[in-house]
Amino acid sequence: MGRDFYSKSFFAVDDAKIPTPEGVKSCCIVVRDGKIDGLVSSPPASVEAVYDAKGALALPGLIDMHAHLRDWEYGYKEDFASGTASALAGGFTTVVDMPNTKPPVDTAQLLRRRIIDASQRIYVDVGFYAFPTKGLEEVRRLAAAGALGFKVFTYEMSWQDVEEVMANVSRTSSLLLIHAEDAEVLERRRAAAKKLGREDVASHPWLRPKKAETVAVEKALELAHKTGCRLHICHVTTTDSAHLVQKWRQIGVQASCEVTPHHLMLDASAIRRLGGIAITNPPLRSLREVRSLWRCVGEGLVDALVTDHAPHALSEKLVDKICDIRPGIPGFETALPLMLTAAFRRRISLSKLVDMMCRKPAEILGLRDRGLLARGSRADLVLVDASERFRVNSSRFLSKAKYSPFDGIEVVGRVKAVFVRGTLAFEDGEVLVKKGFGEVVEPRRQELRR
Ligand code: NCD
Ligand code: ZN
Ligand code: ZN
């Protein structure tokens, strides 16, 4: 179908299967002017064209609320074009970019520069987080300039500074995302490792123990309670973290949390096998912890599934000393097949998968017309052949990071086609839209308190 289909404004996607809480249902999705017009049983006679989904699974365009698109001075790792092409190939139509770029996004001036640079190069929609570390006035300016939320790495600052940042972010009624690992716990392990001369890759989980995470999660939740800040905990890897979020939520804290496919699908034994390729922060945990983390997902304690797509050059991963390895795993092109494979094995239902990869991220970020297959929503759609089995092959990634800890494993669920705002943007491995087709996602204006 490809290019012929490129820009029809009123069409139907027929013979699609959509996941619902009651199971998968066959349906026809009608699209008009970039929005979903309705879900019907067969294509209305008045449409300009019909796209035959051939029984593919249709999901709302995936929303990744935690990704690193890099660009700027880290453009050798990934840039706006390669990163968003990779996202598109993975079924993501909206991604939100983390501010740990070079230079870091911590002023409104830099955020505006990033928005301008991105808008010329992105294939899918992109929102931006910023660092709230330059005082209240700058936080206000960043919110006004379009930051979708703010991010801090707790191990880079004192808890007193985290508290100040939370107070400032809460005054813009924005969201604070945190990478929760406690500086003191990490420092104690680092000092001990130095004494013992431990610098091998396998010591990574020991260097960054579960305690570093749970101490930071608890402290952050306490401070969110005190300051009234809306808090989102990035990549939880322990059941304690998930339970703490639930506990403080019951006390009235507005908190949410996320998990990544790699923390669900891999355990620490992968580090011995794969070395630097399996190094990410927080670290991969024991098989026992991974199993319990799945239970937390099952119990609904984890809100969102994110990729934490964190590409680095291969040469930055293949080094001997743990302190020299750049942490992070590229995730856009494996997340959906990995999760569909888990669904296939009945570890998660399809409707929960859609909840965690679409509806919940949209809700947490306040993106009202995304993440749902419903009348009036943006026509962001991903069609997946749920019966196709294949092996992960990172050499074919559109990301610049052509490696993966999942290389060679068998998965189900190939992304066949992706529609962005009703335009067929990707089909059978090929990107069909131009750079700059993606739009910058800004927060809803009425939500900003100045
Ligand atoms: C991320 C990166 O490379 O930017 N690395 C990682 O190990 N996850 C940073 C982060 O999300 O902590
Ligand atoms: Zn992180
Ligand atoms: Zn990250």
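Whatever order the structure lists them in is the order used to number ligands and atoms, beginning at 1. Atoms considered below: every heavy atom in the structure, side chains included; atoms not considered: hydrogens, waters and symmetry mates. In this chain, residues are counted from 1 in sequence order.
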field: Selection from Pro327, Cys234, Ala67 by shortest heavy-atom distance to atom 6 (C) of ligand 1
entry: Pro327
- request: Have a look at the Zn ion (ligand 3) and estimate, to 10 degrees, the angle subtended by NE2 (His68) and NE2 (His66).
  value: 110°
message: Side chain, backbone, both or neither: which applies to Ile329 and ligand 1 if a contact is any heavy-atom pair less than 4.0 Å apart?
response: neither
message: With the threshold set at under 4.0 angstrom, would you say His66 reaches ligand 1 through any of its heavy atoms?
response: yes
message: Within ligand 1, which atoms have a heavy atom of Thr280 less than 4.0 Å away?
response: 6 (C), 7 (O), 8 (N)
- prompt: Would one find an N, O or S atom of His235, in either backbone or side chain, under 2.8 Å from the Zn ion (ligand 3)?
  reply: no
query: Just by modelled atom types, is the Lys400 backbone N or O under 3.5 Å from a matching donor or acceptor in the Glu78 side chain?
result: yes
message: Once you measure the plane-to-plane angle for His179 and His235, does it fall in the parallel (<30°), tilted (30-60°) or perpendicular (>60°) bin?
response: perpendicular
- prompt: Have His312 and Lys77 got a donor and an acceptor in their side chains that come within less than 3.5 Å?
  reply: yes
- request: Measure the shortest side-chain to side-chain distance between Leu69 and Asp79 over non-hydrogen atoms and say whether it is less than 4.5 angstrom.
  value: no
- request: Can you sort out which atoms of ligand 1 are near His235, meaning under 4.0 Å from one of its heavy atoms?
  value: 11 (O), 12 (O)
- prompt: Between Arg391 (side chain) and Gly408 (backbone), is there a donor-acceptor pair under 3.5 Å?
  reply: yes
task: With heavy atoms of Asp308 as the reference, note each atom of ligand 1 found under 4.0 Å away.
output: 8 (N), 11 (O)
message: Can you tell me if Arg70 contacts ligand 1 (heavy atom of the residue under 4.0 Å from the ligand)?
response: yes
message: Any side-chain to backbone donor/acceptor pair from Ser241 onto Thr237? Under 3.5 Å, distance only.
response: no
query: Taking atom 12 (O) of ligand 1 as the point of reference, which of His179, Glu181, His68 owns the nearest heavy atom?
result: His179
field: Heteroatom N/O/S of Cys234 within less than 2.8 Å of the Zn ion (ligand 2)
entry: no
field: Per-atom contacts, ligand 1 versus His312 - under 4.0 Å to a heavy atom
entry: 3 (O)
- prompt: Should you measure from each heavy atom of Phe153, which atoms of ligand 1 turn up under 4.0 Å away?
  reply: 9 (C), 10 (C), 12 (O)
query: Would you say Asn281 and ligand 1 have an N/O pair spaced under 3.5 Å apart?
result: yes
field: Considering only N, O or S atoms of His179, the one closest to the Zn ion (ligand 2)
entry: ND1
